[in-house]
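To keep things clear, I will list the structure first and then write my remarks on it.
All values below were derived from every heavy atom in this structure, side-chain atoms included, with hydrogens, water molecules and symmetry-related copies excluded.
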Amino acid sequence: MTLHLLSLPHEVLHAILVNINPQDLARLCCCRALNDFIKSDCLLHKELCLNYFDAPPNHSDVGEVSWDARLKRFVNFQKILESKDVRLKTAQMHNVTQCVQDLLTTAAVGSEPSQNIAFLTHLFESQQNIDIFLTSSFLFDWARAEAWGNMTTTRVRRNTRSTLTNLDSTQSSVEPSDLEAADSAILVPQELKRTPLAHLSVDDSEAPTQVYRYQLNIPIEDASAYMPRDRSINRQLSAKLHCLYGASIDRIRKDSVTSTRYSLRSDTALIHPYARSLVYDLRQHTYNTLWGPFLDDGSSDVDWEKMEAIMLILDHNVKFSTGEHHEFHGMIDVQTKPFLGATPNSFASHPQSLPMQPRLPLEAQDPYAVTGTWRRVVCFLDYAELYDFNFNEDEPEDDQPRRPIDTQEAIRLITMKIHITKIEPPGEDDGQALPVVHFHGSSHSLRPHWDPNAKSKMKGTVRLTPQGEVRWTTFSVYHGEERWRSEGIQVGGVRSARGVLGYWFDKDHDEQGPAGPTGFWKHHDGIEEKQPTGRDHPPMSQFTYSLY
C-alpha cells in the first residue's frame with residue numbers, strides 16, 4: 001500500500017491526505033519517504049488546520065504561521081481530552097488551559113459559526129473533562145469535602161499560590177509508570193520525562209514512527225510538560241477554564257464510579273452558598289489584593305478562583321431576580337452555551353431604535369470599545385448581615401474559610417452610559433500592548449427603578465494588566481464626590497461579549513465593608529437618550545437605604 005501511495009504524483013497524494021482526519025496523519029508516517037513528504041508539505045498542514053479549525057490572524061501567507069506545529073498541538077490536545085487517564089489529564093492542566101486560550105483567541109467571530117468553539121464544546125461534553133478541568137478549584141473541593149464529612153482536611157489560604165488542601169495526593173501526582181501506561185496514541189516517549197518540551201526536536205536517527213510524533217508545542221521553562229504541577233496552580237487554571245466555559249454548574253455529588261472524582265448533577269448540594277462565603281469574606285478583599293479579583297501577592301495577577309465565585313453568584317442572582325426583565329437576559333444568554341462570548345472582539349452591537357448622541361472622534365482610537373450602553377448587576381448583603389458574618393462570629397484561622405451562607409442578597413440592575421474622554425500611553429505597571437482609556441458617563445437603576453443610590457455619575461479607566469488581561473476600574477460619583485469603586489477583569493479579552501466580573505467596595509478601602517460582587521457587559525455601541533417616565537420620582541415612602 002505504501003508503495004502504491006508513493007508512486008502517485010505529489011499533487012494526487014496531497015489531495016488524498018488533505019481529506020483525512022488530522023489524528024490519522026501520524027499513523028501514515030510508516031516509512032521515511034512518506035514521513036518526509038508529510039513533514040515537508042506545509043500546504044497540507046495549513047489545509048488540514050483550516051478544515052477543522054478557524055483561521056488564525058495573519059494566515060494569508062503559509063510562512064506566517066507554523067501550521068505543522070499548530071496542527072500537532074491541537075491533535076495532541078484532542079487526544080488528551082479524549083483519553084480516559086485521569087492522572088494524565090490532571091498533569092496536563094496547564095497545557096490544556098493554554099490550548100483552550102489559543103483556540104478562543106483565534107476563534108471566528110461574527111455571523112460565521114466558529115469551528116474552534118464547536119470543537120471545544122464537543123470535547124467538554126465529556127463528564128470526566130468537566131470534573132477534571134472545570135471543577136477542580138478550591139470552591140468545589142471545599143463543597144465536596146464538607147458534603148462528605150471531610151471539612152477538617154480542607155483548608156484555604158489567602159495566598160492562592162500555596163497548596164490549599166490536604167486531599168489525597170494521588171489525585172494530582174503522576175508517576176513515570178503511569179505515563180508509560182497512558183493512551184499509546186498520545187505518544188509519550190521516555191525523553192519527555194526529563195527534557196523540557198521547549199527543547200524537544202525531531203531526531204532523524206529515530207525510528208520512522210517516532211519522527212513525526214504529535215505533541216504539544218508549548219514552551220515550559222525548566223519543567224517537563226508531563227510532570228505534576230502544584231495543586232494551587234491547577235486550581236487557578238481550573239477556575240479560569242470554568243470562567244471561559246461560562247455555563248454555570250450549580251450542584252455537586254459524589255461520583256458513583258470512583259471515590260476520588262466527582263460529577264456535577266442536579267440531585268445534591270448547591271455550590272452557590274460556598275461561592276457566597278468566599279465573595280463576602282472581607283479578608284479576600286484586603287491583605288494586598290488591590291481590592292479586586294487579584295492574588296494577594298501585591299501583583300495584579302488575576303485570582304481566577306475569585307472570578308469563578310463571582311461568576312456563580314451573579315449567574316444565580318440574575319436568574320433568580322430578573323424574571324421578565326428582558327434587558328438583562330444578555331448576561332443569561334452568554335452563560336447558556338459553553339465558551340459563548342469568551343473570545344476577543346465577540347461583542348456585536350444590537351440594532352438601534354432610540355436617538356443616539358453623536359459619535360466621538362476618540363472612538364476610532366479606542367481598542368476596548370468603551371463608548372456605549374452597558375448593563376450592570378450589583379449584589380450586596382444587608383450590612384448588618386455582612387458585619388455579623390465577618391466580625392460577630394468566631395473568627396476562623398487565617399487559612400480557613402468562613403462558613404457557607406444561604407442568605408439571599410439584594411440585587412440592583414443598572415444601565416451605564418459611558419463615553420471615552422482621554423487616551424494615554426500605558427504606565428510602567430500596565431501591559432504595554434494597548435493604551436489606557438479614560439471614560440465618563442452616568443448610571444441609573446432599571447430595577448428597582450427608584451433606587452437613588454444607583455443613579456450617579458460614572459468615571460473610570462480601562463487598561464491591560466502586565467499579564468495581558470483587560471482591567472476595568474470604575475467610580476460612582478455623587479455630587480462631585482467619589483463614593484464607590486469597582487475593580488474587574490473582562491472575561492475573554494478585549495471587546496468580549498462575556499463582559500466584566502469583579503468587586504465593588506468603598507473608594508477609601510474600608511476594611512469593614514461594605515463590598516460585594518458586580519458584573520457588567522455591553523448592550524450596544526450607542527448611548528440612548530433617557531426617555532422620561534412617570535416613575536422617576538416615586539413617593540418618599542418607597543425609598544429604602546441600599547448599599548451600592
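Using a distance-only test at 3.5 Å, with no hydrogens or angles considered, a donor-acceptor pair links the side chain of Q236 to the main chain of W304. Using a distance-only test at 3.5 Å, with no hydrogens or angles considered, no donor-acceptor pair links the side chain of D430 to the main chain of R463. The main-chain N or O of F133 is found under 3.5 Å from a side-chain atom of S238 such that the two form a donor-acceptor pair. In terms of modelled atom types and a separation under 3.5 Å, the side chain of D429 and the main chain of P466 share no donor-acceptor contact. Side-chain atoms of N390 come within 3.5 Å of backbone N or O of L282 as a donor-acceptor pair.
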Inset, instruction - Give the intermediate values and the outcome of side-chain hydrogen bond (donor to acceptor under 3.5 Å, both in side chains) for residues T343 and R495. - result: CA-CA 8 Å; T343 57; R495 301 183 182 220; over 6 Å; no
Inset, instruction - Please step through salt bridge (charged side-chain N to carboxylate O under 4.0 Å, His left out) for the pair R485 and E487, ending with a clear verdict. - result: CA-CA 7 Å; R485 176 174 175 168; E487 290 284 354; 2.7 Å; yes
Legend entry - Derivation and outcome, side-chain hydrogen bond (donor to acceptor under 3.5 Å, both in side chains), residues D54 and T106: CA-CA 7 Å; D54 297 330; T106 58; over 6 Å; no
Inset, instruction - Could you give me the CA-CA distance, side-chain angles and deciding distance for S496 and S346, then say whether side-chain hydrogen bond (donor to acceptor under 3.5 Å, both in side chains) is met? - result: CA-CA 5 Å; S496 74; S346 55; 5.2 Å; no
Legend entry - Working for side chain to side chain contact (heavy atoms under 4.5 Å, CB included), residues T90 and N234: CA-CA 8 Å; T90 303; N234 273 9; 3.8 Å; yes
Legend entry - Criterion side chain to side chain contact (heavy atoms under 4.5 Å, CB included) on I411 and F380, from CA distance to verdict: CA-CA 7 Å; I411 183 171; F380 55 91; over 6 Å; no
Legend entry - R144/T135 under side-chain hydrogen bond (donor to acceptor under 3.5 Å, both in side chains): CA gap, chis, key distance, verdict: CA-CA 10 Å; R144 294 179 189 119; T135 64; 2.8 Å; yes
Inset, instruction - Output, in order, the C-alpha distance, side-chain angles, deciding distance and verdict of side chain to side chain contact (heavy atoms under 4.5 Å, CB included) for V470 and I489. - result: CA-CA 6 Å; V470 182; I489 295 294; 6.0 Å; no
Inset, instruction - Just do the side chain to side chain contact (heavy atoms under 4.5 Å, CB included) check on L290 and S300 with the steps written out, would you? - result: CA-CA 8 Å; L290 306 179; S300 55; 4.1 Å; yes
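Applying the 6.0 Å contact sphere to CG of N392 captures more than 12 heavy atoms from other residues, nucleotides or ligands. The 12-atom threshold is exceeded at CD of E125, counting heavy atoms of other residues, nucleotides or ligands nearer than 6.0 Å.
Classification of E469 and R471 as a salt-bridged pair fails, no side-chain N sitting under 4.0 Å from a carboxylate O. Ion pairing between a basic and an acidic side chain is recognised when a charged N comes within 4.0 Å of a carboxylate O; R483 and D506 show such pairing. A salt bridge is absent between K240 and E305: the closest approach of a Lys/Arg side-chain nitrogen to an acidic carboxylate oxygen does not fall below 4.0 angstrom. Between R402 and E395 there is a salt bridge, since a side-chain N of the basic residue sits under 4.0 Å from a carboxylate O of the acidic one. For the pair R276 and E409, the salt-bridge criterion is met [side-chain N within less than 4.0 Å of a carboxylate O].
W504 and C379 make their closest contact through NE1-O, 3.0 Å (heavy atoms, listed as atom of the first residue, atom of the second, distance). Considering all non-hydrogen atoms of both residues, H316 and H272 come closest at CE1-NE2, 3.3 Å. Contact record, Y368 with D366: N-OD1, 2.9 Å, taken as the closest heavy-atom pair. Residue V370 comes nearest to V437 through the heavy atom pair CG2-CG1, 4.0 Å, listed as atom of the first residue, atom of the second, then distance. The shortest heavy-atom contact between W521 and A497 is CB-O, 4.2 Å. Taking all atoms of both residues into account, the shortest heavy-atom contact from G372 to K522 is CA-CE, 4.0 Å.
One finds the OG1 atom of T371 at 8.5 Å from the CG atom of D525 (value rounded to the nearest 0.5 Å). Distance check, rounded to the nearest 0.5 Å: CD of E308 to CG of L241 gives 10.0 Å. Here the CE atom belonging to M93 is positioned 4.5 Å from the OG atom belonging to S136, to the nearest 0.5 angstrom. The structure places OG1 of T415 at 3.5 Å from CG of L446, a figure rounded to the nearest 0.5 Å. Rounded to the nearest 0.5 Å, atoms CZ (F294) and CE (M307) are 8.5 Å apart. A distance of 10.5 Å separates CG in L464 from CD in Q490, rounded to the nearest 0.5 Å.
Under the 30°/60° scheme for interplanar angles, the aromatic rings of F339 and F124 are found to stand perpendicular. Ring geometry, W374 versus F520: the interplanar angle exceeds 60°, so the pair is classed perpendicular (tilted spans 30 to 60°). Using the six-membered ring where Trp is involved, W142 and Y274 have ring planes that are perpendicular, over 60° apart on the 30 and 60° scheme.
Within the 4.5 Å cutoff, the side chain of D141 has heavy atoms near those of the R235 side chain. In this structure, the side chains of T518 and Y503 stay at 4.5 Å or more apart for every pair of heavy atoms. Within the 4.5 Å cutoff, no side-chain heavy atoms of K455 are placed close to those of Y478. When side chains are defined from C-beta on, P367 counts as touching P435, because their heavy atoms get closer than 4.5 Å. Looking only at side-chain heavy atoms (C-beta outward), P273 and D406 come within less than 4.5 Å of each other. Looking at heavy atoms from C-beta onward, I420 lies out of side-chain contact with Q365 at the 4.5 angstrom threshold. The side-chain heavy atoms of M458 and T474, taken from C-beta on, include a pair separated by under 4.5 Å. Under the 4.5 Å side-chain criterion, counting only non-hydrogen atoms from C-beta, H438 is not in contact with I423.
The aromatic ring centres of F505 and H285 sit 6.0 Å or more apart.
Between Q284 and D296, the side chains place no donor N or O within less than 3.5 Å of an acceptor N or O (distance only, hydrogens not considered). Residues N95 and Q98 have side chains that never bring a donor and an acceptor to within less than 3.5 angstrom of each other. Counted by atom type alone, S456 and S443 present one or more donor-acceptor pairs between their side chains at under 3.5 Å. Under the 3.5 Å distance criterion, with hydrogens and angles disregarded, a donor-acceptor pair is assigned to the side chains of S486 and R376.
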